[in-house]
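So that the names make sense, note that chain A is the first sequence line, chain B the second, and so on, each numbered from 1.
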Amino acid sequence: MSDKQRKILVTSALPYANGSIHMGHLVEYLQTDIWVRFQKMRGHLCTYVCASDAHGTPIMIKAREQGVTPEALTEAFSEEFKRDFADFGVDFDNYHTTHSSENEALTVEMYEALRARGDIYTKTIEQAYDEKEGMFLPDRFVRGTCPVCKSEDQYGDSCEVCGSTYSPSDLIDPVSVVSGTTPVKRESEHYFFRLGNYETMLRDWMRDAGLDKNMLAKLEEWFEAGLQDWDISRDAPYFGFAIPGTKDKFFYVWLDAPVGYPASFKNLCERRDDLDFDDYWRPGNDTEVFHFIGKDIMYFHTLFWPAVLHGSGFRTPTSVFAHGFLTVNGKKMSKSRGTFIKARTYLDNLEPSYLRYYYAAKLGPTIEDIDLNLEDFVARVNSDLVGKLVNIASRCAGFINKRFEGRLADTLPDESLFKEVADAAEPVASFMENREYSKAMRQIMLLADAANRYIDEHKPWVMIKDEDRQAEVHGVCTQGINLFRSLMIYLSPVLPAVSDKARAFLNEPAWQWSDATKPLLFTSINKFEPLLTRVESKQVEKMVEESKEAPAPVEDGEPVADDEPTISIDDFMKVDLRIARIEKAEPVEGADKLLQLTLDVGDFKRQVFAGIKAAYAPDDLIGRHVIVVANLAPRKMRFGVSEGMVLAAGPGGKDIFLLSADDGAVPGMRVK
RNA sequence: GGUGAUGUAGCUCAGAUGGUCAGAGCGGCGGACUCAUAACCCGCAGGUCGGUGGUUCAAUUCCACCCAUCACCA
């Protein structure tokens, strides 16, 4: 059925080796692993490599905090990752690290090639420097008061409160996160990559890669904004690779991280006679290279990476597949809700097969987020996997074992039903190839329903009581077992562990995809053991409980926002509401909804952008008293900084109603 | 604020160049069965397909605007 054997190299993004693997990471590794297993079953030479991302300042600092070397820290995490992945059935052909000789050699080779072609230049930039620690500080490692809204303890690159972006030197009272001292500004020479030289090449590449339309839209956005040159160097001390010809410059972690893909592959090639590095990484071969990534790192994989590869004489990826994020119970993962679930916590409580199936049942080829709804998870796994699929074998096996000495009959009584299942081989394969796993799972479950219906209609438990109908029972159960078997073959990439047990039950060697189209007849099978047990809600609850108690383990994890159903009076009093008089009101050029208001708040004036243009004419507003939130963090908008918020009610559009005070109130009065 | 995406039965999701497109699974209700891990089989769900306008003979499906949620803004 398959065309000629393809040679495919597949990667998943490299996990950063300073925190544990969690349920969000697993979306990607399971999605990739399923695809790779599918390709292998189709008879292709498919190789799956990955590595730990070991470099960069966060790892260096964390190692320092723990009093270990960065090598030791990342090795420890790598070992943990390998165990987690193995236990989830993620079957890498090689798992390496970016802190490797292969990676260094390739990174340097690429850099030298880019430099030779004039794509690298140096420029002196000014950066925050920690004199006590003797190191330059990445923006995220400087905190201080936001220069725009005066919120305290904000990162050096942007304010989480008002959304402004700035540089660390703009912060008020900046502090180094590392030493607690005040950073100084210091100049340093940095190396830049001329990404702008590659626009035409990148446009060609993305067209050929057949990227998802959502990805293309995003890329188009970046092209329109203009491709910026890329700072690829960092100053010592830094955990990474030294830039040749320099004493104290290192490659930025994001330069050598993707090089970890070919480096891991190169490491594998040394042990495998059937794989040749150049076949996969030099231009002009008919091999394929695919990267599975999260949508958050598209910029690196669809712009920098293809450009660097192309510029340095390597082949570009065949395509890049981006997936969305994971939510749990419809919300961001949260430590306090117990939905920030680490891979190990899951494994301590539940079967990996459950999650593999659940993700498969939800995954499509787009960058849409997927939701792990824990109630749905229990219902779906029990219903589909145990109630439908495994049940087919379970209800037939007893008859075969007890009445027919474990032998299958030599013909199928209903060949057309078997054909219906066999004919699904190519459509299901097509879904799998295109990463439309949810469609594949739906198709398979429909066929499982048909199988159960078949058994129900023929009622072997009735016929068995009639001595003349024993052969019919034999046939019906052989039919049932074969329907189960073909469906199990289709599910093998998703459920390798269950598949192995099923093969043991059926006494068969490793399956290929095409085996699903040929029935298994006149052969002995083994005693049926439960292939998968039901999920109990209690197990899920226990996992959530254990996740709640887990100490905050991940430093680069997503910020966690939790529900706050009520506020205290103190919280309310933090809001400084004031009476203000509108001095000026004018439309904002380029904004459909905004009016720019100048407010007199007694002792001071404020400029506010309010989205009330549809409801109020500017002239009608002048002189009016309104209520303004005076201590709202200023927000940088495209048109200027808005220094407060005018209170209004209503759903929006024309239905906006400004709040005002009764006569007697004067600008500056506090509202409470 | 800009850009992109999403918003369909209690839950998770399908769906169509605009006219059998209002669907599936789960849950729920009723029935049947007892081979099977309380699994399976049959029947029942009347959800204004986020809201408001518009185009059209006809819109959930096209357009505009609005609302909500999410992501990105290097």
Side-chain angles (χ1 to χ4, degrees), chain A residues 157-158 163 165 195 212-222 224-231 254 294-300 303-304 324-325 327 329-332 358 361-362 364 366-400 402-403 438-439 441-442 445-446 448-449 451-464 473 476-477 480 528-536 558 588 590-594 609 611 614 635-640 642 650-655:
Chain A
D157 53 353
S158 66
T165 56
L195 181 64
D212 175 70
K213 71 170 168 50
N214 289 328
M215 292 176 74
L216 288 174
K218 204 75 213 170
L219 283 168
E220 195 51 49
E221 217 180 307
W222 287 327
E224 274 169 27
L227 301 182
Q228 303 295 302
D229 290 346
W230 186 29
D231 183 351
W254 260 114
K295 63 182 178 182
D296 52 329
I297 53 175
M298 270 177 55
Y299 200 84
F300 295 101
L303 296 178
F304 293 139
F325 291 143
T327 55
N329 291 338
K331 296 181 175 169
K332 277 185 188 171
Y358 190 75
K362 293 230 157 171
T366 70
I367 59 172
E368 270 181 60
D369 294 350
I370 68 167
D371 185 42
L372 167 57
N373 181 290
L374 293 171
E375 249 178 73
D376 186 50
F377 169 82
V378 173
R380 184 139 201 176
V381 166
N382 285 340
S383 169
D384 287 2
L385 252 27
V386 182
K388 288 181 181 177
L389 182 83
V390 172
N391 186 44
I392 302 168
S394 179
R395 63 197 305 198
C396 293
F399 293 112
I400 297 282
K402 284 178 210 149
R403 297 304 192 103
S438 63
K439 288 186 178 171
M441 296 306 107
R442 204 173 313 131
M445 286 309 145
L446 281 176
D449 285 342
N452 275 310
R453 214 175 299 128
Y454 170 84
I455 296 166
D456 208 72
E457 282 163 2
H458 291 78
K459 306 192 191 327
W461 58 93
V462 173
M463 291 194 287
I464 199 73
V473 175
V476 167
C477 292
F528 181 78
E529 308 281 353
L531 300 174
L532 197 64
T533 53
R534 302 173 64 78
V535 199
E536 300 295 333
E558 298 81 327
V588 179
D592 300 336
K593 294 181 281 193
L594 293 180
F609 290 92
R635 187 169 175 86
K636 197 167 139 196
M637 296 182 168
R638 202 170 152 198
F639 318 100
S642 185
K654 292 195 174 86
D655 294 323

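Among the heavy atoms of the strands lying under 4.0 Å from A/Val390 is at least one base atom, whether or not backbone atoms are also near.
Here the separation of B/rC67 from B/rG28, taken at their C1' atoms, is 32 Å to the nearest Å. Nucleotides B/rG47 and B/rA9 place their C1' atoms 4 Å apart, quoted to the nearest Å. One C1' atom belongs to B/rG7, the other to B/rG15, and the distance between them is 15 Å to the nearest Å. To the nearest whole angstrom, the two P atoms, one in B/rG18 and one in B/rG10, are 28 Å apart.
A/Arg395 and A/Asn452 are linked by a side-chain donor-acceptor pair at a separation below 3.5 angstrom, with hydrogens and angles left out of the test.
Rounding to the nearest 0.5 Å gives a distance of 4.5 Å between CG of A/Leu195 and CG of A/Leu227. Within the model, atoms NZ of A/Lys459 and CE of A/Met463 stand 10.0 Å from one another, a figure rounded to the nearest 0.5 Å.
You'll find that the side chain of A/Lys295 is closest to B/rA71, out of B/rA71, B/rC26, B/rC35. If you check B/rU37, B/rA39, B/rC72 against the side chain of A/Val386, the one that comes closest is B/rU37. Nearest to the side-chain atoms of A/Arg395 among the listed nucleotides B/rA39, B/rA36, B/rC41 stands B/rA36.
Listed pair A/Lys332 / B/rA71 meets the phosphate criterion, a side-chain N or O lying under 4.0 Å from OP1 or OP2.
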Considering only nitrogen or oxygen atoms on both sides, find all protein atoms under 3.5 Å from nucleotides 12-14 of chain B and state each distance.
| unit_1 | atom_1 | unit_2 | atom_2 | d |
| --- | --- | --- | --- | --- |
| B/rU12 | O3' | A/Lys362 | NZ | 2.6 |
| B/rU12 | O2' | A/Lys362 | NZ | 2.8 |
| B/rU12 | O2' | A/Asp376 | OD2 | 3.4 |
| B/rC13 | OP1 | A/Lys362 | NZ | 3.4 |
| B/rA14 | O2' | A/Arg442 | NH1 | 3.3 |

